[in-house]
2 protein chains.
Amino acid sequence: MARAGLTTAKVTAVAAGMADEAGLDKVTVSALARRLGVKDASLYSHVKNLRDLRVRIGLLGSEEMTDRIGAAVAGRAGKDALVAFADAYRSYALDHPGRYAATQMRFEPEEVAGSVGFRRSVELTYGMLRAYDLAEPDLTDAGRLLRSTFHGYIHLELGGGFNHSRDVGESWARTLDALHQVLENWPSRHDGSK
Amino acid sequence: MARAGLTTAKVTAVAAGMADEAGLDKVTVSALARRLGVKDASLYSHVKNLRDLRVRIGLLGSEEMTDRIGAAVAGRAGKDALVAFADAYRSYALDHPGRYAATQMRFEPEEVAGSVGFRRSVELTYGMLRAYDLAEPDLTDAGRLLRSTFHGYIHLELGGGFNHSRDVGESWARTLDALHQVLENWPSRHDGSK
DNA sequence: CCTCTTTCCTAGGGTCTCTAGGTAAGAAGC
DNA sequence: GCTTCTTACCTAGAGACCCTAGGAAAGAGG
């Protein structure tokens, strides 16, 4: 009988599409096999197991996402870079919710070992923060604040956690204003006056 | 044969304990039945289906969490209230990761209709923000920023997303300093100077 | 003591993950 | 053009899980 000619990369790409359309939890081996016109057992020659499949979606997503962010921040600094970074981050997550969800899995060290996406993500964040002239440990704290806020905002937005009384994009813009301001005036230790 | 004497509340409580120990995704009808010493089909008289079970864990979590936050912010205002709110939020999530995860599900309107937890959560947030003297739509934007940052931080912390080079509690304290500062000097529209 | 409610049961169908072992398609070497 | 080797794909089947239908018995209320 005619072969489909699948490879691990093709399988992952189709799975990523399914994740974006139906949600990451709807990406199952059997549903994927159904879409590919193949028996589910056949996929186990391309992918170790279900977790492996989802991890691959996450690694793919992290690489695509850092590509987009890298292109957006190129040649920018300060607030320009912050906004470019944040908008690229958010637009990728909204364009590819399933892939984005997969990037937020709890990865084992060996799973991310060979991947460039996550390493680049750290580099890009620190590069963007360079203009704000922070030293450690403030740099780490500021990076954690940014990651938390970006991820939390997108997670709530994708999860329908915001009501519709206020434009979500407007709120996002004001959030970035706020983050920029706090990065410029980072509160040093014992500065926390009431 | 002797009955276990289960009720929907008891079943939910045990399921919540399982969620905290093993993760929300490990809460299954059959695993729960196993722990309760009962056949899985028996649980369907107490709970509609698996989703219903997890929703109940989420509603329980949101009530417990708002109780804790409410007690923490009572009689406080300004930065005191912000820190009390945030610390109560974080401590609950770290103490009960499974219940917390369940509060972050995508709920249908009818699922949260009869619950007090989520309504109280909104009230508590706006009450805490009162001292910062913001008007709409800044109030909504600030509320979204706080929820995003709190949730994002806890999500990353629980997911092991922070490396161990810097104390997580210290970073959290600085994050709260930063949020307090930005709430006190909320950037009004067209204030976003570079 | 009888009746009604409700907790729990058995039986069974359907979906899904994953393994073991086999077949054939297509590429590589002669 | 034939053999050989790799590998994409298969069938068969075990085990876990979700959920429904219908029945039995425990315990509460009359």
Side-chain angles (χ1 to χ4, degrees), chain A residues 1-60 98 101-102 105-108 110-111, chain B residues 1-60 98-99 101-102 105-108 110-111 114:
Chain A
M1 54 208 60
R3 294 195 180 193
L6 298 180
T7 63
T8 302
K10 285 182 194 170
V11 165
T12 304
V14 173
M18 284 182 58
D20 289 337
E21 289 168 23
L24 185 61
D25 54 318
K26 292 294 195 320
V27 176
T28 68
V29 176
S30 52
L32 181 57
R34 223 174 291 132
R35 169 169 302 200
L36 291 168
V38 149
K39 299 293 170 185
D40 40 349
S42 306
L43 293 182
Y44 288 89
S45 16
H46 303 293
V47 149
K48 269 223 321 280
N49 48 36
L50 177 60
R51 174 171 177 87
D52 181 43
L53 177 62
R54 293 189 176 156
V55 166
R56 284 174 192 279
I57 297 174
L59 297 182
L60 173 66
M105 293 173 54
R106 206 173 188 148
F107 291 103
E108 301 298 325
E110 66 269 20
E111 289 172 338
Chain B
M1 55 207 61
R3 294 194 180 191
L6 298 180
T7 64
T8 302
K10 286 183 194 171
V11 165
T12 303
V14 173
M18 285 183 58
D20 290 337
E21 289 167 25
L24 185 61
D25 54 318
K26 292 294 193 322
V27 175
T28 68
V29 176
S30 51
L32 181 58
R34 222 174 292 131
R35 168 168 303 202
L36 291 167
V38 149
K39 298 292 170 185
D40 41 348
S42 305
L43 293 181
Y44 288 89
S45 15
H46 303 292
V47 149
K48 271 224 317 281
N49 49 36
L50 176 61
R51 173 171 177 86
D52 181 42
L53 177 62
R54 293 187 177 158
V55 167
R56 283 175 194 280
I57 296 173
L59 297 182
L60 173 65
R99 288 156 148 96
M105 294 174 55
R106 207 173 188 146
F107 292 103
E108 301 298 324
E110 65 269 22
E111 289 172 337

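Chain letters run A, B, ... following the sequence lines, proteins first, then strands; residues in each count from 1. Keep in mind that the numbers below use all heavy atoms, side chains included, and drop hydrogens, waters and symmetry copies.
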pair B/L36-B/L43: side-chain heavy atoms closer than 4.5 Å: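 Answer yes - side chains close enough.
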Considering all heavy atoms of both residues, which atom of [X] and which atom of [Y] are nearest to each other, and what is their separation?
X	Y	value
A/E111	A/L59	O-CD1, 3.6 Å
A/R54	A/V27	NH2-O, 2.9 Å
A/A16	A/L60	CB-CD2, 3.9 Å
B/F107	B/V55	CE2-CG1, 3.8 Å
B/L50	B/T28	CD1-CA, 4.0 Å
A/K39	A/A33	C-CB, 3.8 Å

Reported NE2-to-NZ distance for the pair B/H46 and B/K10, which is rounded to 0.5 angstrom: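 Reported to 0.5 Å precision, the distance equals 9.5 Å.
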Atom pair NZ/CG of A/K48 and A/L53 - distance to nearest 0.5 Å: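 A/K48 NZ to A/L53 CG: 11.5 Å, rounded to 0.5 Å.
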In whole Å, I'd like the distance from the [atom1] atom of [X] to the [atom2] atom of [N].
X	N	atom1	atom2	value
B/L50	C/dT15	CG	C1'	14 Å
B/K39	D/dC19	NZ	P	18 Å
B/D40	D/dC18	CG	P	8 Å
A/Y44	D/dA14	OH	P	17 Å
A/K48	C/dT19	NZ	C1'	15 Å
B/R51	D/dC19	CZ	P	12 Å

Nearest to side-chain heavy atoms of A/N49, which nucleotide of D/dA21, D/dC18, C/dC18: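 Nearest to the side-chain atoms of A/N49, counting from C-beta on, is C/dC18.
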Closest listed nucleotide, where the reference is the side chain of B/A41 and the choices are D/dC9, C/dA20, D/dT20: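 Between D/dC9, C/dA20, D/dT20, the one nearest the side chain of B/A41 would be D/dT20.
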Nucleic acid contacts - residues 25-34 of chain B versus DNA chain D, non-hydrogen atoms under 4.0 Å: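 Under 4.0 Å from DNA chain D: B/T28, B/V29, B/S30, B/R34.
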Distance below 4.0 Å between B/H46 side-chain N/O and C/dT6 OP1 or OP2: no
Side-chain N or O of B/S42 closer than 4.0 Å to phosphate OP1/OP2 of C/dC9: yes
Range-with-range stems for DNA chain D, at least three Watson-Crick or G-U pairs under 3.5 Å: C:3-29 with D:2-28
